[in-house]
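Please read these numbers as outputs of a predicted model, since none were measured by experiment.
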Number of protein chains: 2
Amino acid sequence: MAVLKYSRQREAIYNNLRQRKDHPTADMIFADIRKEFPNISLGTVYRNLSLLSDLGKIQKLAADGIADRFDGNVLPHDHFICRRCGAMTDMDFVDTERFKEEAASRFDGEIESCSIVFYGICADCKKKEAMNLAGEEYSSEARKTVEAQPTA
Amino acid sequence: MAVLKYSRQREAIYNNLRQRKDHPTADMIFADIRKEFPNISLGTVYRNLSLLSDLGKIQKLAADGIADRFDGNVLPHDHFICRRCGAMTDMDFVDTERFKEEAASRFDGEIESCSIVFYGICADCKKKEAMNLAGEEYSSEARKTVEAQPTA
DNA sequence: ATTAATAATGAGAACGATTACTGTTTATAA
DNA sequence: TTATAAACAGTAATCGTTCTCATTATTAAT
């Protein structure tokens with residue numbers, strides 16, 4: 001993969017991601033792009049997302065249990081993931097750089113980046129929960145009740 | 001899954017994880033436990049790791065591109081992942097609680113937990129790199145060279 | 001101890017997310 | 001315009017993980 005060539009599909013994928021404020025999975029982008037390119041392949045979406053991510057034009061985000069998310073905002077910022085509805089939102093008000101420096105100053109290796117992900121219940125889900133609206137309507141399998149003694 | 005019953009496999013998995021200082025994948029634990037239980041199944045390892053994690057006896061860790069890691073240390077602490085060799089080590093000297101509070105104070109939803117992962121080059125790999133010892137011996141496919149212009 | 005109830009197991013199929021392959025199409029540069 | 005190689009669509013393969021199910025093991029009550 002020496003010289004990069006232009007492709008309309010890549011441009012569309014990049015533009016789509018930049019315009020969105022959510023943090024879509026490859027599949028969500030695929031579904032959206034399909035409207036413009038009805039026979040684009042999922043592989044093309046993955047290939048270009050990973051390429052764009054390598055180029056530093058977008059960010060790839062890994063999180064607990066869910067599929068990788070992509071973010072058109074490459075500036076360092078943190079994220080929140082709702083355990084109830086799975087929504088991922090920005091948390092750009094914490095000074096990550098300060099953390100990174102604090103950690104780097106006491107670490108032997110070389111710190112390049114830092115991913116901070118908060119988990120909890122988003123404002124929307126909290127509100128819905130308070131109203132006691134049809135609990136199962138928006139809940140996932142996230143809550144598991146285990147009422148027993150641990151081993152050992 | 002109402003009442004938990006004892007199992008030797010689960011105990012072995014739990015003890016194995018507690019004794020290790022690395023942050024193994026399910027597969028690494030499987031390989032190790034197999035020495036004691038030659039015909040334990042990988043599914044059993046996954047089932048118990050996920051059960052122990054639900055019970056709060058161990059921690060499940062998600063990270064970028066790599067398989068889930070497990071940690072016998074359930075106290076809140078952060079991690080570092082080496083992009084070169086993949087090793088995951090503890091970074092318990094940053095005050096995560098302070099971060100969480102700072103974030104929570106300015107956030108509408110409810111923050112339950114927070115995962116902080118630093119990425120970079122560990123001290124060992126840095127040393128080896130400096131010595132210029134057979135570069136490919138310990139490097140993975142992590143480094144991709146893309147020498148071209150981004151789209152758009 | 002024996003038994004009944006049911007949790008946990010081992011083996012392997014199934015699954016979702018992602019990557020790799022293959023033959024065809026498209027962009028670029030000569 | 002034609003040669004070259006990148007990018008494509010389509011699809012198979014891979015990986016990590018979960019699920020199914022018939023069998024085994026643990027527990028509680030006889």
Please report the distance, rounded to the nearest Å, between CZ in B:Arg10 and P in D:dA25.
15 Å
Could you tell me the separation between the CZ atom of A:Arg8 and the C1' atom of D:dC8, rounded to a whole number of Å?
11 Å
To the nearest angstrom, how far is A:Leu4 atom CG from D:dT4 atom C1'?
16 Å
Distance check: side-chain N/O of B:Gln9 vs OP1/OP2 of C:dG10, anything under 4.0 Å?
yes
Check for a donor-acceptor pair, side chain of B:Asn16 on one end and backbone N or O of B:Ala12 on the other, with a separation under 3.5 Å.
no
Describe the nucleic acid contact of A:Leu42 in one word from base, sugar-phosphate, nothing, applying a heavy-atom distance below 4.0 Å.
base
Within this structure, what is the CE-to-C1' distance between A:Met28 and C:dT18, rounded to whole angstrom?
17 Å
So, is B:Tyr46 close to the D:dT17 phosphate, meaning a side-chain N or O under 4.0 Å from OP1 or OP2?
yes
Side chains of A:Glu36 and A:Asn15: closer than 4.5 Å at any heavy-atom pair?
no
B:Lys60 side chain, from C-beta outward: closest of D:dT18, C:dA27, D:dC8:
D:dT18
From the candidates D:dT26, C:dT9, D:dT18, the one with an atom nearest any side-chain atom of B:Tyr6 is D:dT26
Taking CG from A:Asn48 and C1' from D:dC8, how many angstroms apart are they, rounded to a whole number?
10 Å
Quick one: B:Phe30 CZ to D:dT17 P, roughly how many Å, whole number?
13 Å
Within this structure, what is the CD-to-C1' distance between B:Glu36 and C:dG10, rounded to whole angstrom?
17 Å
Taking the side chain as everything from C-beta on, heavy atoms only, tell me whether B:Asp71 gets closer than 4.5 Å to B:His79.
yes
Beyond-backbone contact of B:Leu4 with B:Leu51, side-chain heavy atoms, under 4.5 angstrom:
yes
Classify A:Asp27 by what it touches in the nucleic acid, base, sugar-phosphate, or nothing, heavy-atom distance under 4.0 Å.
nothing
Verify the contact: side-chain N or O of A:Asn39 to OP1 or OP2 of D:dC8, cut-off strictly under 4.0 Å; return yes or no.
no
For the side chain of A:Thr44, starting at C-beta, report the closest nucleotide among D:dG16, D:dA9, C:dT18.
D:dA9
Return the orientation label for the A:His23 and A:His77 ring planes: parallel under 30°, perpendicular over 60°, tilted otherwise.
tilted
Can you tell me how far P of C:dA8 sits from NZ of B:Lys5, to the nearest Å?
7 Å
Distance check: side-chain N/O of B:Arg47 vs OP1/OP2 of D:dT18, anything under 4.0 Å?
no
Would you say C:dT9 has OP1 or OP2 under 4.0 Å from some side-chain N or O of B:Ser41?
no
Which listed nucleotide (C:dA7, D:dA6, D:dG16) is nearest to the side chain of B:Ala2?
C:dA7
